[in-house]
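The first residue in the sequence is number 1, and the count goes up from there. In each ligand, atom 1 is the first atom listed, and ligand 1 is the first ligand listed.
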Amino acid sequence: MIYIGNHVSVSKGYLAMGTHEKKLGGNTFAFFPRNPRGGKSKAVPDEDIAALREFLINNRFGKLVVHGAYTMNICAAKEEIRANSREMLRDDLIKLQALPDNYYNFHPGCHVGQGIEAGIKMIAETLVGVIDEVERESGTLKNIILLETMAGKGSEVGGRFEELKSILDLAISLGGESYRDKLGVCLDTCHIWDSGYDIKADLDGVLAEFDKNIGLDRLYALHLNDSKNVCGSHKDRHEKLGEGLIGESTLISVVQHPLLQGRPFILETPNDDDGYAKEIATVKSRIIK
Ligand code: FE
Ligand code: FE
Ligand code: ZN
């Protein structure tokens, strides 16, 4: 069983995202609970969320991978941006308590000149503080929070597996052992390629390095993207599957890799609905059952 889908718009509501994804041939999806560039998120009627939950069960969907806003930067240098980002994170997590057993992934952040170490510390501290607040307000966290592997563009934190490991380790040491099950990683194929992990030459080696640092048991979801640029370019420009420099055969090997089975694969390729439907069909047809 492969779980594959793409980013869908929340503009028509929650159930509408499920029915739309089904039409495209997918059985998981990602969405921004608010405008991806930040800003206020609408309140969601309980019935709409309940209807989506029922739809997901009835249609045997995999876990969803909800995406935090791009503008969120919990390790920003400016206090105001940090505070706003923290509030977005808190608000998203509270809202998603109504949609349990899924994933919430976000970009760890940019340290903007403060240094990787300072960034890692702010991210871990903020995560633990926000999770504590959410749990006081609405009970045990019901979704797993995933840090996304980044392309290492500019001052991005999370371009190296070691950096994500440091954030997870620090969060666990600050928050306690229970944090091990609240946090994980979402691997973006375009991002790790751009960051310098050559999955085309040595996919097994890259996964072994992930396992050595973070542990594959903490890899919960993947973003399946080709890249417009060479390995190590630190650019972060996604490309359609097979039209970029990673190439279709490597991306299919990722989907088929025995160590990655059962996880949701989310397409974030530059596509319209037809393009997504085609990519989903291509991936499914290339999978050896
Ligand atoms: Fe992302
Ligand atoms: Fe991504
Ligand atoms: Zn990206």
Using 2.8 Å as the threshold, say whether any N, O or S atom from H191 sits that close to the Zn ion (ligand 3).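 Here the distance criterion (N, O or S atom, under 2.8 Å) is met by H191, so yes.
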
Heteroatom N/O/S of D236 within less than 2.8 Å of the Zn ion (ligand 3):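 Yes, since at least one N, O or S atom of D236 sits under 2.8 Å from the Zn ion (ligand 3).
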
How long is the gap from NE2 on H107 to CE on M72, to the nearest 0.5 Å?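 Separation between the atoms: 9.5 Å.
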
Say you draw a straight line from CD1 of I123 to CD1 of I116; how long is it, rounded to the nearest 0.5 Å?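 Answer rounded to 0.5 Å: 8.0 Å.
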
Count I, L, V, M, F, W, Y as connected when their side-chain heavy atoms are under 4.5 Å apart, and connections chain through other members. Are I74 and V134 then in the same cluster?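 Looking at the clustering, V134 is in the same group as I74.
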
For the Fe ion (ligand 1), which N, O or S atom of E148 is at the shortest distance?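 Output for this pair reads OE1.
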
Centroid-centroid distance, H7 to F32, less than 6.0 Å: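 H7 vs F32: aromatic centres under 6.0 Å.
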
Step through it carefully: locate the ring centre of H191, locate the ring centre of H238, and say whether they are under 6.0 Å apart.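 Ring-ring flag for H191/H238: true, centres closer than 6.0 Å.
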
N/O/S of H107 less than 2.8 Å from the Fe ion (ligand 1)?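 So H107 counts as coordinating the Fe ion (ligand 1), yes.
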
Of all the atoms in H67, is at least one N, O or S atom closer to the Fe ion (ligand 1) than 2.8 Å?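 Checking H67: at least one N, O or S atom is under 2.8 Å.
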
With the Fe ion (ligand 2) at the centre, find the angle made by OE1 from E268 and OD2 from D188, to 10°.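 Vertex at the Fe ion (ligand 2): approximately 90°.
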
Kindly give the atom name of the N, O or S atom of H238 closest to the Zn ion (ligand 3).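 This residue's closest N, O or S atom turns out to be NE2.
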
Looking at the Fe ion (ligand 2), is one of the N, O or S atoms of H223 less than 2.8 Å from it?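 It does; at least one qualifying atom falls short of 2.8 Å.
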
Less than 3.5 Å apart, any donor N or O on the side chain of S138 or Q97 sitting next to an acceptor on the other?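 Yes, because at least one side-chain N or O of S138 sits under 3.5 Å from a partner of the opposite role on Q97.
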
